[in-house]
Amino acid sequence: IVVASTTSTEQSGLFGHLLPAFKKDSGIDVRVVAVGTGQALDMGRRGDADVVFVHDQVAEEKFIGEGYGVKRFAVMYNDFVLIGPKADPAGVKGSDIAAALAKLGASQQSFVSRGDKSGTHAAELRYWKAANIDIAAAKPSGYKECGCGMGPALNLAAQSNAYLLADRGTWLAFKNRADLAILVQGDQKLFNQYGVMLVNPAKHPQVKKELAQAFVDWLVSPPGQSAIAAYKIEGEQLFFPNALK
């Protein structure tokens, strides 16, 4: 089966951990295409994937509402963090993302945006809005859009000592940190929920319905949820299962 998912689930190493466990339980092979959430949902709309596993609840509910997906299941969550130079020249450190971005917008410091219609990009735009900054109308002078995945965006920020919004999972898996550190975390707004959906076989008869449903069912079952909870980097858990709540 083909699973369209996010760069954060792939680049954090989660799939490398989950898929062998699923294969062992089911015998089913899974091929992951890791793109931004917007592109993953578009793959589902075209019928180029059997399952969509992403993190932008508003866009996911729209996808279901348009009849492209069968049902949305909550799977797990982690959180977003604002990363930046350890010296923090914009003075954003703390636990309020809107206040941090308001300072950053006024500071002329470099900020790398995914700019790729991913779940992380959608969240970043929500946070700028909460800071009363209209990015579409007037980008701060240091604002750079890379149109790239989470890993390349982190590399770019590390090279240019810039700020950026990342999901904690990819940050924990990221080795090339240079002078970057987490500066803003712990704001409730930074909560990051993931959902999984079977692509609607009524719209796309080529969808491998039974095999794909088996993967969805496994992710939200006790064995799948345990496998998600067991994935750690240097003792730190990356994703927190919440399908069974």
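The figures that follow rest on heavy atoms only: side chains count, while hydrogens, waters and symmetry mates do not.
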Evaluate side chain to side chain contact (heavy atoms under 4.5 Å, CB included) for D56 paired with R126, printing each intermediate quantity in order. CA-CA 11 Å; D56 182 350; R126 285 198 303 275; 4.3 Å; yes
Taking atom CD of Q188 as the centre, does the number of heavy atoms from other residues, nucleotides or ligands within less than 6.0 Å exceed 12?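 No, because the 6.0 Å sphere around CD of Q188 holds 12 heavy atoms or fewer from other groups.
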Would you say NZ of K209 has more than 12 non-hydrogen atoms from neighbouring residues, nucleotides or ligands within 6.0 angstrom?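 No - once you tally the heavy atoms of other residues, nucleotides and ligands closer than 6.0 Å, there are 12 at most.
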Any donor and acceptor pair, going by atom type alone, linking the side chain of [X] with main-chain N or O of [Y] inside 3.5 Å?
{"X": "D50", "Y": "V207", "result": "no"}
{"X": "Y127", "Y": "K189", "result": "yes"}
{"X": "D167", "Y": "T170", "result": "yes"}
{"X": "Q11", "Y": "G151", "result": "yes"}
{"X": "N176", "Y": "N155", "result": "no"}
{"X": "K208", "Y": "I1", "result": "no"}
{"X": "Q225", "Y": "A243", "result": "yes"}
{"X": "S12", "Y": "A173", "result": "no"}

Atom of [X], atom of [Y] and distance for their closest heavy-atom approach:
{"X": "L14", "Y": "M76", "value": "CD2-CE, 3.5 Å"}
{"X": "A40", "Y": "V54", "value": "CB-CG1, 3.6 Å"}
{"X": "D25", "Y": "P223", "value": "OD2-CB, 4.1 Å"}
{"X": "T37", "Y": "G119", "value": "CB-N, 3.3 Å"}
{"X": "A34", "Y": "E10", "value": "CB-CB, 3.5 Å"}
{"X": "A100", "Y": "V184", "value": "CB-CG2, 3.6 Å"}

Quick one: does [X]'s side chain get under 4.5 Å of [Y]'s, heavy atoms only?
{"X": "L219", "Y": "F53", "answer": "yes"}
{"X": "K117", "Y": "Q39", "answer": "no"}
{"X": "R168", "Y": "I182", "answer": "yes"}
{"X": "W171", "Y": "R177", "answer": "yes"}
{"X": "V199", "Y": "V52", "answer": "yes"}
{"X": "V92", "Y": "L82", "answer": "yes"}
{"X": "Y68", "Y": "N200", "answer": "no"}
{"X": "P201", "Y": "V70", "answer": "yes"}

Supply the atom-to-atom distance [X] [atom1] to [Y] [atom2], rounded to the nearest 0.5 angstrom.
{"X": "L125", "Y": "I135", "atom1": "CG", "atom2": "CD1", "result": "7.5 Å"}
{"X": "E124", "Y": "K129", "atom1": "CD", "atom2": "NZ", "result": "14.0 Å"}
{"X": "H55", "Y": "T9", "atom1": "NE2", "atom2": "OG1", "result": "7.5 Å"}
{"X": "L156", "Y": "S110", "atom1": "CG", "atom2": "OG", "result": "9.5 Å"}
{"X": "D96", "Y": "L101", "atom1": "CG", "atom2": "CG", "result": "9.5 Å"}
{"X": "R45", "Y": "H204", "atom1": "CZ", "atom2": "NE2", "result": "10.0 Å"}

Going by distance alone, is a donor N or O of one side chain under 3.5 Å from an acceptor N or O of the other, for [X] and [Y]?
{"X": "T120", "Y": "S118", "value": "no"}
{"X": "E145", "Y": "S113", "value": "no"}
{"X": "Q193", "Y": "N242", "value": "yes"}

Linking I/L/V/M/F/W/Y whenever any side-chain heavy atoms sit under 4.5 Å apart, do [X] and [Y] land together?
{"X": "L154", "Y": "L183", "answer": "no"}
{"X": "V3", "Y": "M43", "answer": "no"}
{"X": "F80", "Y": "L180", "answer": "no"}
{"X": "F15", "Y": "V51", "answer": "yes"}
{"X": "W128", "Y": "V81", "answer": "no"}

Applying side chain to side chain contact (heavy atoms under 4.5 Å, CB included), run through L18 and F215 and close with a yes or a no. CA-CA 11 Å; L18 286 185; F215 180 62; 5.9 Å; no
Begin from the C-alpha positions of I64 and E60 and carry the test side chain to side chain contact (heavy atoms under 4.5 Å, CB included) through to its verdict. CA-CA 6 Å; I64 294 285; E60 291 162 45; 5.7 Å; no
Derivation and outcome, side chain to side chain contact (heavy atoms under 4.5 Å, CB included), residues Q213 and V216: CA-CA 5 Å; Q213 188 63 54; V216 171; 4.0 Å; yes
Checking ring-ring contact (aromatic ring centres under 6.0 Å, His included) against F240, which of Y194, Y231, Y77, F191 comes through?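 Only one option passes, and that is Y77.
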Given L164, L165, T7, the one that forms side chain to side chain contact (heavy atoms under 4.5 Å, CB included) with R114: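 Among L164, L165, T7, the one meeting side chain to side chain contact (heavy atoms under 4.5 Å, CB included) with R114 is T7.
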Should Y163 and F111 be marked as a ring-ring contact (aromatic ring centres under 6.0 Å, His included) after you check the CA-CA gap, both sets of side-chain angles, and the distance that decides it? CA-CA 5 Å; Y163 291 82; F111 180 91; 7.6 Å; no
